[in-house]
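What follows is one structure encoded as structure tokens, with my remarks underneath.
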Amino acid sequence: MTSRSSWTRPRSARTCRTTSSPGSRRPRRAARCSARRGPRKLADYLIRRRGMLTSNVAEAYGFVRTDVAERAGGPAGLPDIEIIFAAAPYVGEGLVPLPGEGITVGAILLEPRSRGTVRLASADPTAKPLIDPAYLSDPVDRETLLAGLAVCERLIDTEALRAVTTGSWVQPVGGERMSPAERAEVSLRRYSHTLYHPVGTARMGQDAASVVDPRLRVRGVEGLRVADASIMPNIIRGHTNAPAIVIGEVAADLIRG
């Protein structure tokens with residue numbers, strides 16, 4: 001899970017995974033111009049290898065172990081927060097017009113303790129399930145993310161990043177008038193969300209309650225296997241793409257025998 005907030009300079013911004021990030025100010029013309037600029041940006045990249053398409057947006061990552069891990073008895077020597085950096089103001093899941101140019105720094109909770117539920121709404125197989133993620137229901141998760149956002153604040157306050165930002169914020173609105181602790185609290189409550197790495201909905205195990213067995217076969221169903229990140233019993237301390245590929249490769253070997 002991640003938490004984020006955002007900052008700005010006249011033409012740049014900063015944002016902080018519950019993800020949370022610190023802001024940006026957007027020229028009024030930006031939304032109207034963005035659609036017209038799209039073909040130009042593509043041509044600039046194809047012809048000159050220049051422009052915004054030269055970036056994969058999420059350009060840097062790092063892992064830290066906060067003091068909370070020590071107090072909460074986390075596994076020795078392992079991080080509890082991932083710091084993510086993007087060379088763009090990551091606002092509205094990327095589904096809304098950008099508020100301006102800027103950067104994003106986010107804190108990602110690597111090992112959530114909170115546990116939610118997925119329950120059947122009725123005996124009707126077409127009825128949508130009842131999903132309660134129960135985000136941040138464990139106080140250690142909340143404390144860990146706040147510690148991660150404090151790391152984001154320190155990074156954004158370095159000389160290198162101060163040189164390309166102005167200190168004003170896109171989200172939370174008016175963040176420049178808040179203390180770092182207030183910004184972190186607002187970011188955690190309003191802008192925290194999952195970070196596209198869901199796992200565990202078809203847990204693998206040897207117990208009767210597990211969905212698939214160690215050979216990825218769905219219990220009680222002949223000829224059906226699951227081969228994706230849903231079979232992981234727990235979330236890993238990192239991104240799930242590479243492990244999901246490995247699970248698929250193993251599934252292919254199991255099927256071939």
Side-chain angles (χ1 to χ4, degrees), residues 1-8 13-26 58 61-69 71-72 74 79-86 88-100 102-118 130-157 161 165-200 235 237:
M1 142 165 242
T2 174
S3 183
R4 125 176 114 243
S5 49
S6 298
W7 313 18
T8 79
R14 356 184 216 189
T15 37
C16 276
R17 188 190 186 217
T18 287
T19 273
S20 188
S21 45
S24 95
R25 181 170 56 216
R26 174 168 178 252
Y61 303 86
F63 294 84
V64 297
R65 181 177 176 85
T66 71
D67 292 341
V68 179
R71 296 198 301 273
D80 56 348
I81 285 287
E82 178 182 351
I83 302 298
I84 185 170
F85 172 86
Y90 192 78
V91 175
E93 302 301 300
L95 301 176
V96 299
L98 292 180
I103 63 172
T104 296
V105 182
I108 302 168
L109 182 64
L110 293 181
E111 193 178 31
R113 298 188 180 204
S114 301
R115 291 293 181 269
T117 59
V118 179
L130 302 175
I131 302 174
D132 177 10
Y135 295 142
L136 303 181
S137 55
D138 189 303
V140 173
D141 288 352
R142 185 178 180 280
E143 193 178 354
T144 302
L145 272 173
L146 288 173
L149 286 172
V151 175
C152 293
E153 288 270 359
R154 292 198 296 273
L155 288 171
I156 289 172
D157 199 38
L161 293 186
T165 55
T166 61
S168 54
W169 298 62
V170 173
Q171 61 182 38
V173 175
E176 64 275 9
R177 297 188 295 275
M178 302 177 188
S179 68
E182 291 170 330
R183 282 195 295 267
E185 187 66 36
V186 172
S187 298
L188 193 66
R189 291 183 178 275
R190 293 188 185 175
Y191 306 117
S192 300
H193 58 89
T194 54
L195 202 66
Y196 327 128
H197 297 159
V199 306
I235 187 80
R237 293 174 188 271

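For the numbers below, each heavy atom of this structure counts, side chains included, while hydrogens, waters and symmetry mates do not. Everything numeric here is computed off the predicted structure, so don't read it as measured data.
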Minimum heavy-atom distance [X]-[Y], with the two atoms named:
X: Arg113; Y: Val140; result: NE-CG1, 3.7 Å
X: Gly148; Y: Ile83; result: O-CD1, 4.1 Å
X: Arg115; Y: Ser137; result: N-OG, 4.2 Å
X: Cys152; Y: Gly106; result: SG-C, 3.6 Å
X: Ser114; Y: Ala134; result: CB-O, 3.4 Å

| So among Val68, Leu146, Leu188, Leu136, which one has a side-chain contact (heavy atoms from CB on, under 4.5 Å) with Asp141? |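 Exactly one pass, corresponding to Leu136.
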Any side-chain heavy atom of [X] within less than 4.5 Å of one from [Y]?
X: Asp80; Y: Phe63; answer: no
X: Ile103; Y: Leu161; answer: yes
X: Ile81; Y: Thr144; answer: yes

Residues two or more places apart in sequence or in another chain: which of them pass side-chain contact (heavy atoms from CB on, under 4.5 Å) with [X]?
X: Pro180; answer: Glu153, Arg183
X: Pro139; answer: none
X: Ala150; answer: Arg154

Just verifying a value: how many Å separate [X] [atom1] and [Y] [atom2], rounded to the nearest 0.5 Å?
X: Phe85; Y: Ile156; atom1: CZ; atom2: CD1; answer: 9.5 Å
X: Arg65; Y: Leu110; atom1: CZ; atom2: CG; answer: 11.5 Å
X: Thr66; Y: Leu109; atom1: OG1; atom2: CG; answer: 9.5 Å

| task | Answer yes when Arg190 and Glu185 have at least one side-chain N-carboxylate O distance shorter than 4.0 Å, and no when they do not. | result |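 Salt bridge flag = no for Glu185 with Arg190.
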| With a cut-off of 6.0 Å (strictly less than), are more than 12 heavy atoms of other residues, nucleotides or ligands near CG of Asp67? |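 At most 12 heavy atoms, drawn from other residues, nucleotides or ligands, come within 6.0 Å of this atom.
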| task | Give the intermediate values and the outcome of side-chain contact (heavy atoms from CB on, under 4.5 Å) for residues Tyr135 and Thr194. | result | CA-CA 9 Å; Tyr135 295 142; Thr194 54; 2.8 Å; yes
| request: Using the test ring pair (Phe, Tyr, Trp, His ring centres under 6.0 Å), find all partners of Tyr61 that sit at least two apart in sequence or belong to another chain. | output: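 Listed in chain order: His239.
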| remark: Across all chains, not counting sequence neighbours, the salt bridge (Lys or Arg N to Asp or Glu O under 4.0 Å) partners of Arg237 are Glu111
| message | Tell me every residue that passes salt bridge (Lys or Arg N to Asp or Glu O under 4.0 Å) with Arg71, counting only those two or more places apart in sequence or in another chain. | response |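 For Arg71 the salt bridge (Lys or Arg N to Asp or Glu O under 4.0 Å) partners, ignoring immediate neighbours, are Glu143.
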| task | Would you confirm whether Glu176, through its side chain, and Trp169, through its main-chain N or O, come within 3.5 Å as a donor-acceptor pair? | result | yes
